[in-house]
Colleague: 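Input: one structure, supplied below.
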Amino acid sequence: MTKYIKLRLIAGFLFAFNSLISAQQIKIHSHNDYRQRMPFYQAYAQQLVSIEADIFATEKDNELLVAHDKQELSEAPTIDETYLQPLVHLYIQNKGRVWKNSEQLLILLVDLKTPVVPTLNHLINKLQQYPEVFDPTVNPYAVRVVISGNRPDPEEFTSYPPLISFDGSETSYTSSQLERISMISLNLQNYSSWNGVGTIKPDELEKLKATIDAVHALNKPIRFWGTPDGATAWSTFYSMGVDYINTDQPEACAAFFRDFNKK
């Protein structure tokens, strides 16, 4: 049995239980998702709305491997087998949507670990093979592929096709650049030293609130990375108005928010 067939069977298994999973109203981002026991599928089963994959271009033509560090590349899977083909299969199975009974969109945040050229070109070539899955101008329920990591200069954002958008890293963009930005992701350590225990220092809390307000004033959602990862942090960031809750524990985070109103 090939690895791809196994992935298809896993997708079918998850699909069969899809109706048993309550819709995820709070937006959760599966950070470094490829390090999970079952990349993509654990986040998908919990109906997380944002999934992250780091990719490396290699010397092989059009090959993109999913890994965090170069030393992992010898055993790393391709983005095709880990994310793209499972998504294509699900869109066929669910008749043009990522979830059969939901209009909720899914973000695939792709962090480029190697230079924009040729990494982003390779990725675009792959996505263009399935416009009904990855191009929102073709399918309004298409996966939103958001580029992070090594990005082009903001001045070049508009030169790229609409099947990709970008992850912002600041708040000083022009209006045309903002049109190509789907979210803004910032390093928490630049604003606070909070480790998830106790409360955030008052001056740091004000700084964080001001930053969140500045991003929201641009009509963009915000995500912080480099964050503590536990119930106190998840609840705190949500109450502050952070749009995407960053976690390396997709199942635990989804379970926490599923019963959030009872806590």
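Positions are given from 1 along the sequence. Everything numeric here is computed off the predicted structure, so don't read it as measured data.
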Colleague: Going through the distances and angles, do Phe40 and Tyr34 end up as a ring-ring contact (aromatic ring centres under 6.0 Å, His included)?
Modeller: CA-CA 7 Å; Phe40 175 71; Tyr34 48 90; over 10 Å; no
Colleague: Could you walk me through whether Leu64 and Thr78 pass the side chain to side chain contact (heavy atoms under 4.5 Å, CB included) test, one step at a time?
Modeller: CA-CA 6 Å; Leu64 298 173; Thr78 66; over 6 Å; no
Colleague: Which class fits the ring pair Tyr160 and Phe166: parallel under 30°, tilted 30 to 60°, perpendicular over 60°?
Modeller: perpendicular
Colleague: Given Phe224 and Leu208, is the side chain to side chain contact (heavy atoms under 4.5 Å, CB included) satisfied, shown in steps?
Modeller: CA-CA 10 Å; Phe224 285 105; Leu208 284 168; 3.7 Å; yes
Colleague: Of all heavy-atom pairs between Ala53 and Val66, which one has the smallest distance, and what is that distance?
Modeller: CB-CG1, 4.4 Å
Colleague: So, the side chain of Gln36 versus the backbone of Asp33: is there a donor-acceptor pair under 3.5 Å, distance only?
Modeller: no
Colleague: Which heavy atom of Val215 sits nearest to which heavy atom of Thr171, and what is that distance?
Modeller: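 Answer, listing the atom of Val215 first, then Thr171: CG2-CG2, 3.8 Å.
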Colleague: Is there a path of hydrophobic side-chain contacts, each under 4.5 Å between heavy atoms of I, L, V, M, F, W or Y residues, that connects Met38 with Leu48?
Modeller: yes
Colleague: Grab the two heavy atoms, one from Glu132 and one from Asn139, that are nearest each other, plus how far apart they are.
Modeller: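 The answer is O-ND2, 2.9 Å.
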Colleague: Considering residues at least two apart in sequence or located in another chain, which fulfil the side-chain contact (heavy atoms from CB on, under 4.5 Å) criterion with Asp213?
Modeller: none
Colleague: How long is the span from the OG1 atom in Thr199 to the CG atom in Leu205, to the nearest 0.5 Å?
Modeller: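 Answer for the OG1-CG pair, Thr199 versus Leu205, is 8.5 Å.
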Colleague: Would you sort out whether Arg144 and Leu106 count as a side chain to side chain contact (heavy atoms under 4.5 Å, CB included), showing the intermediate values?
Modeller: CA-CA 6 Å; Arg144 272 34 177 191; Leu106 175 70; over 6 Å; no
Colleague: I'd like to know if Ile181 and Ile124 are part of one continuous hydrophobic network [Ile/Leu/Val/Met/Phe/Trp/Tyr, side-chain heavy atoms within less than 4.5 Å].
Modeller: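 They do share one cluster, since a chain of ILVMFWY contacts under 4.5 Å joins Ile124 to Ile181.
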Colleague: Between Gln46 and Arg258, which heavy-atom pair has the shortest distance, and what is it?
Modeller: OE1-NH2, 2.7 Å
Colleague: Say whether Leu105 and Ile164 are linked into one hydrophobic cluster, either directly or through other cluster members, by side-chain heavy-atom distances under 4.5 angstrom.
Modeller: no
Colleague: Between Ile184, Ile222, Ile107, which is the residue that forms a side-chain contact (heavy atoms from CB on, under 4.5 Å) with Tyr244?
Modeller: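 Filter result, single survivor: Ile107.
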Colleague: With a 3.5 Å distance limit and no angle check, can you tell me whether Arg223 reaches the backbone of Pro221 through a side-chain donor-acceptor pair?
Modeller: no
Colleague: Going by ring pair (Phe, Tyr, Trp, His ring centres under 6.0 Å), Phe237 matches just one of Trp194, Trp225, Phe257. Which one?
Modeller: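 Option passing the ring pair (Phe, Tyr, Trp, His ring centres under 6.0 Å) with Phe237: Trp194.
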Colleague: Parallel, tilted or perpendicular: which fits the ring planes of Tyr130 and Phe134, with parallel below 30° and perpendicular above 60°?
Modeller: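 It falls in the perpendicular class, over 60°.
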Colleague: Please determine whether a side-chain nitrogen of the Lys or Arg among Glu72 and Arg35 lies less than 4.0 Å from a carboxylate oxygen of the Asp or Glu.
Modeller: yes
Colleague: Do Gln93 side-chain atoms and His89 backbone N/O form a donor-acceptor pair below 3.5 Å?
Modeller: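 Absent.
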Colleague: Locate the shortest heavy-atom distance separating Pro161 from Gln128; write the atom from each residue and the value.
Modeller: CG-NE2, 4.3 Å
Colleague: Measuring from atom OG1 of Thr236 to atom CE of Met240, what distance do you get when rounded to the nearest 0.5 angstrom?
Modeller: 8.0 Å
Colleague: Within the distance-only criterion (no hydrogens, no angle test), does the side chain of Arg151 pair as donor or acceptor with the backbone N or O of Gly149 below 3.5 angstrom?
Modeller: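 Pair found, side chain donor or acceptor close to backbone of Gly149.
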Colleague: Can you confirm whether Glu75 is buried at CD, in the sense that more than 12 heavy atoms of other residues, nucleotides or ligands lie under 6.0 Å from that atom?
Modeller: no
Colleague: Checking Asp229 side chain against Thr247 main chain: does a donor-acceptor pair fall under 3.5 Å?
Modeller: no
